[in-house]
Q: 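If you scroll down you'll find the structure; I have some questions about it.
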Amino acid sequence: MITTTEKVILITGASRGIGAATALLAASRGYHVCVNYVKNEVAANAIVKRVEEGGGKAFACKADVGEEEQVKEMFRLIDLKLGPITALVNNAGTLEHQSKLEGISHERFLRTLKNNILGTFLCSKEAISRMSIRNGGNGGSIVNVSSIGSKTGSPGEYIDYAASKGAIDSFTTGLSKEVAPEGIRVNAVRPGFIYTDIHESGGEPGRIDRIKSTIPMLRGGNPEEVANAILWLLSEEASYTTGAFIDIAGGR
Ligand code: NAP
């Protein structure tokens, strides 16, 4: 039976990496979890299985976060299977091969914006329409996964990606002020140098080990170290925190 006191969370891009770690931690804190993915069904189902083995409730949902109809359908399924959403983590994101601007095509730039910022925009819109106390909802909490690249700009590597994360920062600031009176908090984390598959997508699987001597803490981070910050921002312990950013980049 679904009651309004249940905690229901959507984590986009939760089949792997930071999203998967966040899904497992959220389940261990009592959230019912929608594990979103776009391609890797096997990995998403494996995360659901781990949640269920721990006594939690989860389901995997394939949806491209940059496609409005797929996002709307995913939220309809969450309503049906888990009940009213109380928390959203806009985590899904993509990174393409390292290149200077001259090597970044029009198509690649649009793909990066679609996956990284349009997805965050579409999922937030659906979540807010359900959470807002103005619409009879119970409020809620959103965490956007930005990147330390929004501050460094990632010159010579991925300025398209960094610009999309800069847009997430502006979106977080604006949205947090817009929906604060509606009982919704919006915050962001800015990870950097976390051991996940994304660096392989960027064309250099060993990137963190190459640059770790330049990180003040002299090491890369683990997905669980990002998940901990996300779960804190979502929780009641952060009840007066909105429009805030937590950098998780070993001091860089
Ligand atoms: P990852 O290991 O490459 O995983 C990416 C996840 O996003 C996968 O679950 C993937 O699903 C999903 N995804 C990609 N495009 C999607 C789409 N259009 N719709 C729905 N799901 C989609 O990445 P990660 O390193 O964990 O990164 C997670 C977030 O952290 C990203 O926003 C990334 O920019 C940010 N971040 C990461 C780092 C780092 O060092 N790792 C640093 C800064 C910021 P499939 O498995 O189905 O492909």
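Counting starts at 1 for both ligands and their atoms, following the listed order. Computed from a predicted structure; not experimentally measured.
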Q: With heavy atoms under 4.0 Å as the rule, classify the contact between I194 and ligand 1 as side chain, backbone, both or neither.
A: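 Answer for I194: both.
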Q: For ligand 1, is there an N or O atom under 3.5 Å from any N or O atom of G66?
A: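 No - when backbone and side-chain N and O of G66 are compared with those of ligand 1, no distance drops under 3.5 Å.
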Q: At a non-hydrogen distance cut-off of under 4.0 Å, which region of K114 contacts ligand 1 (side chain, backbone, both, or neither)?
A: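 Neither part.
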Q: Going by heavy atoms, is T12 under 4.0 Å from ligand 1?
A: no
Q: Number the atoms of ligand 1 from 1 as they appear, then name those within less than 4.0 Å of a heavy atom of A63, with their elements.
A: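 What qualifies from ligand 1 is 19 (N), 20 (C).
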Q: Do you see a donor-acceptor pair shorter than 3.5 Å between the side chains of S146 and D169?
A: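 Side-chain D/A pair, S146 to D169: present.
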Q: In terms of heavy-atom contacts, does CZ of R50 have more than 12 from other residues, nucleotides or ligands at under 6.0 Å?
A: no
Q: Would you say the side-chain atoms of E157 pair up with the backbone N or O of Q98, donor to acceptor, closer than 3.5 Å?
A: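 It does not hold such a pair.
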Q: So that I can tick it off, tell me whether K57 and E6 are bridged by a salt bridge, with the cut-off set at under 4.0 angstrom between side-chain N and carboxylate O.
A: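 Not counted as a salt bridge, because no side-chain N and carboxylate O are separated by less than 4.0 Å.
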Q: Provide the number and element of each atom of ligand 1 under 4.0 Å from a heavy atom of S15.
A: 8 (C), 9 (O), 11 (O), 45 (P), 46 (O), 47 (O)
Q: Looking at atom 19 (N) of ligand 1, what's its closest protein heavy atom, distance included?
A: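 For atom 19 (N) of ligand 1, the nearest protein heavy atom is V65 N, 3.1 Å.
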Q: Nearest heavy atom to atom 16 (C) of ligand 1 wins, so pick from V38, L95, N90, T112.
A: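 Checking each option, the heavy atom nearest atom 16 (C) of ligand 1 is found in V38.
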Q: Between K39 and ligand 1, is there a nitrogen or oxygen pair with a distance under 3.5 Å?
A: yes
Q: Nearest heavy-atom pair of C34 and C61: which atoms, and what distance?
A: SG-CB, 3.7 Å
Q: Any sub-3.5 Å donor-acceptor pair from N222's side-chain atoms to E225's backbone N or O?
A: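 Not confirmed, N222 side chain does not pair with E225 backbone.
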Q: How close does the nearest protein non-hydrogen atom get to atom 24 (P) of ligand 1, and which residue and atom is it?
A: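 Looking at atom 24 (P) of ligand 1, the protein heavy atom closest to it is T196 OG1, 3.5 Å.
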Q: Check salt bridge (charged side-chain N to carboxylate O under 4.0 Å, His left out) between E73 and all other residues, then give those that pass, not counting sequence neighbours.
A: R76
Q: If we set the cut-off at 4.0 Å for heavy atoms, which region of S146 has an atom near ligand 1: side chain, backbone, both, or neither?
A: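 The answer is the backbone of S146.
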Q: Given 3.5 Å as the limit, does a donor-acceptor pair link the side chain of R111 with the main chain of E96, or not?
A: no
Q: Mark the output for E41 as yes if a heavy-atom distance to ligand 1 is under 4.0 Å, and as no if none is.
A: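 Outside the 4.0 Å threshold, so no.
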Q: Quick check: does P191 get an N/O under 3.5 Å from an N/O on ligand 1?
A: no
Q: Using a strict 4.0 Å cut-off to heavy atoms of I18, name the atoms of ligand 1 that fall inside it.
A: 26 (O), 30 (O), 37 (C)
Q: Cluster partners of W232, using ILVMFWY side-chain heavy atoms under 4.5 angstrom, listed by chain and number?
A: I9, I11, I18, L24, L25, Y31, V33, V35, I47, V48, V51, V89, V143, V145, V189, I194, V226, I230, L231, L233, L234, I246, I248
Q: Atoms of ligand 1 less than 4.0 Å from D197 heavy atoms?
A: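 Atoms satisfying the 4.0 Å criterion: 2 (O).
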Q: Locate the shortest heavy-atom distance separating E52 from A58; write the atom from each residue and the value.
A: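 That closest heavy-atom pairing would be OE2-O, 3.7 Å.
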Q: Taking atom types as modelled and ignoring hydrogens, do the side chains of D209 and Y195 form a donor-acceptor contact shorter than 3.5 angstrom?
A: yes
Q: Please report which non-hydrogen protein atom sits nearest to atom 1 (P) of ligand 1, along with the residue it belongs to and the distance in Å to one decimal place.
A: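 I find the closest protein heavy atom is R16 NH1, 3.9 Å.
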Q: Under a 3.5 Å distance rule, please check whether N144 uses its side chain to pair with a backbone N or O of N90 as donor and acceptor.
A: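 Checking the backbone N and O of N90 against the side chain of N144, no donor-acceptor pair under 3.5 Å is found.
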Q: In terms of atom number and element, which parts of ligand 1 are under 4.0 angstrom from non-hydrogen atoms of G17?
A: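 The atoms of ligand 1 under 4.0 Å from a heavy atom of G17 are 2 (O), 26 (O).
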Q: Indicate yes or no: does an N/O atom of Y37 lie under 3.5 Å from an N/O atom of ligand 1?
A: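 N/O-N/O distance under 3.5 Å: no.
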Q: With a 4.0 Å cut-off on heavy atoms, is R190 touching ligand 1?
A: no
Q: Atoms of ligand 1 less than 4.0 Å from N36 heavy atoms?
A: 20 (C), 21 (N)
Q: With only distance considered, is S147 within less than 3.5 Å of ligand 1 through an N or O on each side?
A: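 Looking only at distances, the answer is no, because the N/O contact criterion of under 3.5 Å is not met.
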Q: Run the numbers for me: atoms of ligand 1, each under 4.0 Å from some heavy atom of F193, listed by number.
A: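 In order of number, 40 (O).
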Q: Is there a side-chain contact between T214 and R252 in this structure, where contact means two heavy atoms from C-beta onward sitting under 4.5 Å apart?
A: yes
Q: Taking distance alone, with no angle check, do G19 and ligand 1 share an N/O pair under 3.5 Å?
A: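 The answer is no, given that G19 and ligand 1 share no N or O pair closer than 3.5 Å.
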Q: Below 4.5 Å, heavy atoms only, C-beta onward: do N138 and T86 meet side chain to side chain?
A: no
Q: Ignoring hydrogens and angles, tell me if any N or O in the side chain of R185 forms a donor-acceptor pair with the backbone of T241 under 3.5 Å.
A: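 Yes, the answer is positive, given that a donor and an acceptor are paired below the 3.5 Å cut-off.
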Q: Determine whether K165 and I148 make a side-chain contact, defined as any pair of heavy atoms from C-beta on separated by less than 4.5 Å.
A: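 Of all side-chain heavy-atom pairs linking I148 with K165, none is under 4.5 Å.
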Q: Measure the distance from atom 27 (O) of ligand 1 to every protein heavy atom, then report the residue, atom name and distance (to 0.1 Å) of the closest one.
A: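 Here the nearest protein heavy atom works out to I198 CD1, 3.9 Å.
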Q: Of the protein's non-hydrogen atoms, which lies at the shortest distance from atom 30 (O) of ligand 1, and what is that distance?
A: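 Atom 30 (O) of ligand 1 sits closest to the protein heavy atom V145 CG1, 3.3 Å.
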Q: Looking at K62 and E41, is there a salt bridge between them, counting it only when a charged N and a carboxylate O are closer than 4.0 Å?
A: no
Q: Give the residue, atom name and distance (to 0.1 Å) of the protein heavy atom nearest atom 34 (O) of ligand 1.
A: Y161 OH, 2.5 Å
Q: For atom 12 (C) of ligand 1, which protein heavy atom lies nearest, and how many Å away is it?
A: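 Looking only at protein heavy atoms, the one closest to atom 12 (C) of ligand 1 is G13 CA, 3.4 Å.
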Q: For ligand 1, which atoms, with element, lie under 4.0 Å from some heavy atom of T94?
A: 14 (C), 15 (N)
Q: Which of these, T22, V71, N91, has its nearest heavy atom closest to atom 28 (C) of ligand 1?
A: N91
